[in-house]
Amino acid sequence: MSELVKISKTQFENVFQCEFNDGTVRLCTKNLAPGFSVYGERLFKVEGIEYREWNAFRSKLGGAILKGLKQNPIVKGTKVLYLGAASGTTPSHVSDIVELEGKVYGVEFSPRVVREFLLVAQHRPNLFPILADARFPQYYRTLVEDVDVLYVDIAQPDETDIAIYNAKFFLKNGGYMMMAIKARSIDVTKEPTEIYEMEVNKLKENNFDVIQVIQLDPYDKDHAMVLAKYKGK
Ligand SMILES: C[S@@+](CC[C@H](N)C(=O)[O-])C[C@H]1O[C@@H](n2cnc3c(N)ncnc32)[C@H](O)[C@@H]1O
C-alpha cells in the first residue's frame, strides 16, 4: 500500500499535487466532504486537512490540467453550470475547488445516474443536482443563476450547439466555457483533429474567443478539452 509523502500546490488555486512513496504523483483536491470517497479514490489527511486523490483517467478536467491547461477559470467562489454531471466524479472535484463560496449546478438527464449523483451532493452543500435534458435550458432556467463558467461534457453529436444555447441563457459576459469534445460521438468517419477544428469554429462564430484546445490522450482517447471566453450575448 503506497503512502503519501508530500503534498504541494500547483499553479491552480485549490488544485494540489501529491507524491507517494512508490514514486507516483497524482493531482488531488481538499475534500469538502471529509470521510466520503466519491468513486473509490484514496483519501488522506495532512495536518488535519483531508485530501482526495483526483484520477485523471476518470476525469477530463484532471486530464486537461495534466496535459497543460494554461488557465483554470474554476477557483474558490466560482459559480459553475455543469452539463453532463453523470454520477458526480468531476463535479465533486469542482465542488472541492469552488468551496462553499461557489456553486455547482449539475445537469444530468439519466435518472439512474442522477440517483448516484444525489448521494454525492448530499454531503456537499455547494452541489445542486438537476434532472433535466441540457437541450432544454428553459426547464431549469428558474433553478440556475448566471454563472462564471459553463462546463460541458455530454458526448452528444450536437454538443456544441447545446453548449452555445446554454451560454445564451446562463453564461456571464466575459465568462468561460470548458467543453470536452468526444470526436467519435460527432463523426466516426473524420479525423479527431478535423472535428475539434469544426467545433472550435462554431464557438468562434458564436462570440467565443478560443483560448486553448487540449488533446486528452492518453487520459481519454480521441477527446479534447476546449477552453473559451464568452464575449457576450
Ligand atoms: C461522459 S459522461 C460525463 C462524465 C462527467 N462529466 C465526469 O467527468 O464525471 C456524459 C454524461 O452526459 C449525460 N448526457 C448526455 N446527453 C445529455 C443531455 N442532453 N442532457 C443532460 N445530460 C446528458 C449522460 O447521461 C452522461 O451521464
Side-chain angles (χ1 to χ4, degrees), residues 15 26-29 31-33 36-41 52-67 69 72-74 80-98 104-121 124 126-141 143-144 147 149-170 176-186 192 195 199 214 216-227:
V15 179
R26 300 272 187 267
L27 291 176
C28 55
T29 53
N31 195 356
L32 193 73
F36 293 97
S37 168
V38 173
Y39 54 101
E41 76 283 11
R52 306 165 55 217
E53 184 177 7
W54 188 355
N55 186 343
F57 286 95
R58 299 279 303 273
S59 166
K60 290 166 204 118
L61 180 55
I65 289 173
L66 291 179
K67 288 290 308 273
L69 181 70
N72 185 9
I74 303 173
V80 182
L81 172 59
Y82 193 120
L83 307 181
S87 52
T89 299
T90 303
S92 67
H93 287 291
V94 174
S95 148
D96 284 346
I97 296 171
V98 304
V104 185
Y105 299 97
V107 175
E108 170 56 55
F109 77 173
S110 158
R112 185 189 62 77
V113 172
V114 163
R115 275 201 288 277
E116 290 169 28
F117 185 31
L118 280 169
L119 297 176
V120 174
R124 296 177 168 272
N126 63 3
L127 195 49
F128 303 94
I130 298 171
L131 174 63
D133 187 333
R135 288 198 169 85
F136 305 108
Q138 53 275 29
Y139 291 135
Y140 45 92
R141 150 133 237 152
L143 302 174
V144 178
V147 295
V149 173
L150 175 61
Y151 187 99
V152 186
D153 182 16
I154 53 176
Q156 292 285 352
D158 54 346
E159 178 184 63
T160 308
D161 299 326
I162 295 173
I164 292 166
Y165 191 42
N166 275 267
K168 288 184 179 145
F169 275 79
F170 304 109
Y176 290 87
M177 173 141 87
M178 300 186 89
M179 183 172 73
I181 303 175
K182 181 178 181 180
R184 290 172 34 151
S185 297
I186 294 175
I195 291 167
E199 303 310 302
I214 305 166
L216 296 178
D217 313 59
Y219 300 107
D220 275 283
K221 196 174 174 293
D222 296 341
H223 283 69
M225 179 69 79
V226 180
L227 171 65

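As a basis for the values below, the full set of heavy atoms in this structure was taken, side chains included, without hydrogen atoms, waters or symmetry mates. When a ligand or atom number is given, it counts from 1 through the structure's own listing order. Worth saying up front: this structure is predicted, and the values here are computed from it rather than measured.
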Undergrad: With no hydrogens and no angle check, is any side-chain donor or acceptor of Arg124 less than 3.5 Å from a backbone partner on Ser92?
TA: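 At least one qualifying donor-acceptor pair exists.
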Undergrad: Please list, by chain and number, the protein residues whose heavy atoms come under 4.0 Å of ligand 1.
TA: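 Heavy-atom contacts below 4.0 Å: Lys60, Tyr82, Gly84, Ala86, Thr89, Thr90, Pro91, Glu108, Phe109, Ser110, Ala132, Asp133, Ala134, Arg135, Asp153, Ile154, Gln156.
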Undergrad: Please round to the nearest 0.5 Å and tell me the distance separating atom CD of Gln156 and atom CZ of Phe109.
TA: 5.0 Å
Undergrad: Return the CE to CG distance between Met179 and Leu227, rounded to the nearest 0.5 Å.
TA: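 If I round to the nearest 0.5 Å, the distance is 11.5 Å.
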Undergrad: Could you tell me which residues satisfy salt bridge (Lys or Arg N to Asp or Glu O under 4.0 Å) with Arg58, sequence neighbours excluded, listed by chain and number?
TA: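 For Arg58, no residue satisfies salt bridge (Lys or Arg N to Asp or Glu O under 4.0 Å) once neighbours in sequence are set aside.
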Undergrad: Could you list the residues that satisfy salt bridge (Lys or Arg N to Asp or Glu O under 4.0 Å) with Arg112, not counting sequence neighbours?
TA: Glu116
Undergrad: Mind checking side-chain hydrogen bond (donor to acceptor under 3.5 Å, both in side chains) for Tyr140 and listing every partner two or more places apart, or none if nothing turns up?
TA: Asn166
